[in-house]
Protein chains: 2
Amino acid sequence: MHTALQALSDPHRMAIVSMLADGERPAGDFVDALPIAQPTVSKHLSVLREAGLVTVRKDAQRRLYSLNPAPLAELDAWLARYRRFWTDRLDALEAHLDKEFPQ
Amino acid sequence: MHTALQALSDPHRMAIVSMLADGERPAGDFVDALPIAQPTVSKHLSVLREAGLVTVRKDAQRRLYSLNPAPLAELDAWLARYRRFWTDRLDALEAHLDKEFPQ
DNA sequence: CAGCAATATAGCCATATGGCAATATCAAGA
DNA sequence: TCTTGATATTGCCATATGGCTATATTGCTG
């Protein structure tokens, strides 16, 4: 099984997720957009499904994919711990002081 | 070469980055903390270095690692595009609660 | 029902990845 | 200078990964 981060670590899967930021899309859209064969795209979609990053809905022969934001929200929460490193000057000062005077 | 996301996609490397949130640490700390051999840790550190996620500083025989937040800031910026997906949901919940339990 | 369209699955291959033990490097101290 | 400690590098192995072609599946449509 892939974790959300492992799923996102492939550039083609990142591209798929990026396309989904605009909304639901059929699998064929990804086949058209990416320079890889249809079965390869299908496998990437299956990885994204297992990672919980996307959900699917049937529409006749088509499969409409949309984003499931939960894992991204988790990643965002994890990043929160580091946000102080780059946010603003006050935070930078704080980080500096933390480093200079730990505790 | 690994991208930041690829570097983060390994759980042991994630653990290393997490440990660095508290500040600079010698390589040996990671060897002690992780259930893998020293050369394996060293290889992970090299991946993190190539990805620009950490920087090193020499202190006698020791190598002191610290976090380079830039790639994390980039990841945060990328995530910004998706943030509305879960803040919207929180806003909706808030609205719902306001309606159910006014005041 | 035949055929087409959209997608998934199966089976295969080359390469990347993460792990290890052995060894090299290099600074500090005796 | 010899030894010890901390880390990196090398060489190897098993498995995971991403790619492909061929084929199966499923639902329209004529």
Side-chain angles (χ1 to χ4, degrees), chain A residues 1-20 22-68 71 75 78, chain B residues 1-20 22-68 71 75 78:
Chain A
M1 254 286 278
H2 281 84
T3 72
L5 260 175
Q6 284 172 332
L8 285 174
S9 71
D10 176 82
H12 290 144
R13 288 195 292 263
M14 271 282 282
I16 290 174
V17 170
S18 291
M19 288 178 71
L20 287 175
D22 302 328
E24 198 176 46
R25 277 173 178 278
D29 277 19
F30 310 124
V31 176
D32 293 343
L34 298 174
I36 56 183
Q38 177 268 321
T40 309
V41 172
S42 195
K43 207 191 251 182
H44 281 312
L45 288 170
S46 129
V47 169
L48 290 171
R49 263 183 275 127
E50 279 173 20
L53 277 163
V54 300
T55 53
V56 211
R57 178 168 80 82
K58 290 187 188 179
D59 171 41
Q61 311 98 315
R62 301 193 307 165
R63 295 292 177 277
L64 297 179
Y65 282 85
S66 43
L67 198 69
N68 179 20
L75 178 56
W78 181 81
Chain B
M1 253 286 278
H2 281 83
T3 72
L5 259 175
Q6 284 172 331
L8 286 174
S9 71
D10 176 83
H12 290 143
R13 288 195 292 264
M14 270 283 282
I16 291 174
V17 169
S18 290
M19 288 178 71
L20 287 175
D22 302 329
E24 199 176 46
R25 278 173 177 279
D29 277 18
F30 310 125
V31 176
D32 294 342
L34 299 175
I36 55 182
Q38 177 269 321
T40 310
V41 171
S42 195
K43 207 191 253 182
H44 280 312
L45 288 171
S46 129
V47 169
L48 289 171
R49 263 183 274 125
E50 281 172 19
L53 277 163
V54 301
T55 54
V56 210
R57 179 168 80 82
K58 290 186 189 180
D59 171 41
Q61 311 99 314
R62 301 193 306 165
R63 296 292 177 277
L64 298 179
Y65 282 83
S66 43
L67 199 69
N68 178 19
L75 179 54
W78 180 80

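When reading the values below, keep in mind they use all heavy atoms of this one structure, side chains included, and skip hydrogens, waters and symmetry mates. Quantities reported herein were computed from a predicted structural model and do not represent experimental measurements.
Counting to the nearest Å, the P atom of D/dT17 and the CG atom of B/Asp10 are 11 Å from each other. In this structure, NE2 of B/His44 is placed 16 Å from P of D/dT7, rounded to the nearest angstrom. For the pair A/Arg25 CZ and C/dA6 C1', the computed distance is 17 Å after rounding to whole Å. For B/Phe30 and D/dA8, the CZ to P distance is 10 Å, given to the nearest whole Å. Computed from coordinates, the B/Leu64 CG to C/dA27 P distance equals 15 Å when rounded to whole Å. In this structure, B/Ile36 atom CD1 and C/dT17 atom P are separated by 16 Å, rounded to whole Å. Across the protein-nucleic acid pair, A/Leu45 atom CG and D/dG19 atom P stand 12 Å apart, rounded to whole Å. Rounded to a whole Å, the CG atom of A/Asp29 is 15 Å from the C1' atom of C/dA5.
Residue pairs that meet the salt bridge (charged side-chain N to carboxylate O under 4.0 Å, His left out) test with at least one member in residues 26-47 of chain B, sequence neighbours left out, are B/Arg25-B/Asp29.
Between A/His12 and D/dG19 there is a side-chain polar atom (N or O) within less than 4.0 angstrom of OP1 or OP2. Contact between the side-chain N/O atoms of A/Arg13 and the OP1/OP2 oxygens of D/dG18 is found at a separation under 4.0 Å. Checking the phosphate oxygens (OP1, OP2) of C/dA16, no side-chain nitrogen or oxygen of B/His2 falls inside 4.0 Å.
Closest non-hydrogen pair, A/Arg13 versus A/Ala7, comes out as NE-O, 2.6 Å.
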Per-nucleotide protein contact string for nucleotides 23-28 of chain D, where B marks a base within reach and S marks sugar-phosphate only (heavy atoms under 4.0 Å, - for neither): ----BS
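To the nearest 0.5 Å, atom OG of residue B/Ser9 and atom NE2 of residue B/His2 are 7.0 Å apart. Between the CG atom of A/Leu8 and the CG atom of A/Leu75 there is a distance of 7.0 Å, given to the nearest 0.5 Å. Between the NE2 atom of A/His44 and the CG atom of A/Leu34 there is a distance of 7.5 Å, given to the nearest 0.5 Å.
Using modelled atom types, one side-chain atom of B/Asn68 and one backbone atom of B/Gly52 make a donor-acceptor pair closer than 3.5 Å.
Along DNA chain C, the nucleotide nearest A/Gly28 and the nucleotide nearest A/Lys43 are compared for position; the residue whose nucleotide lies closer to the 5' end is A/Gly28.
Side-chain proximity of B/Thr40 to the nucleotides C/dT9, C/dC20, D/dT7 is greatest for C/dC20.
Test B/Glu24, B/Arg63, B/Arg62 against B/Arg57 for side-chain contact (heavy atoms from CB on, under 4.5 Å) and you get one pass: B/Glu24.
Within 4.0 Å of A/Tyr65, counting heavy atoms only, lie sugar-phosphate atoms of the nucleic acid but no base atom.
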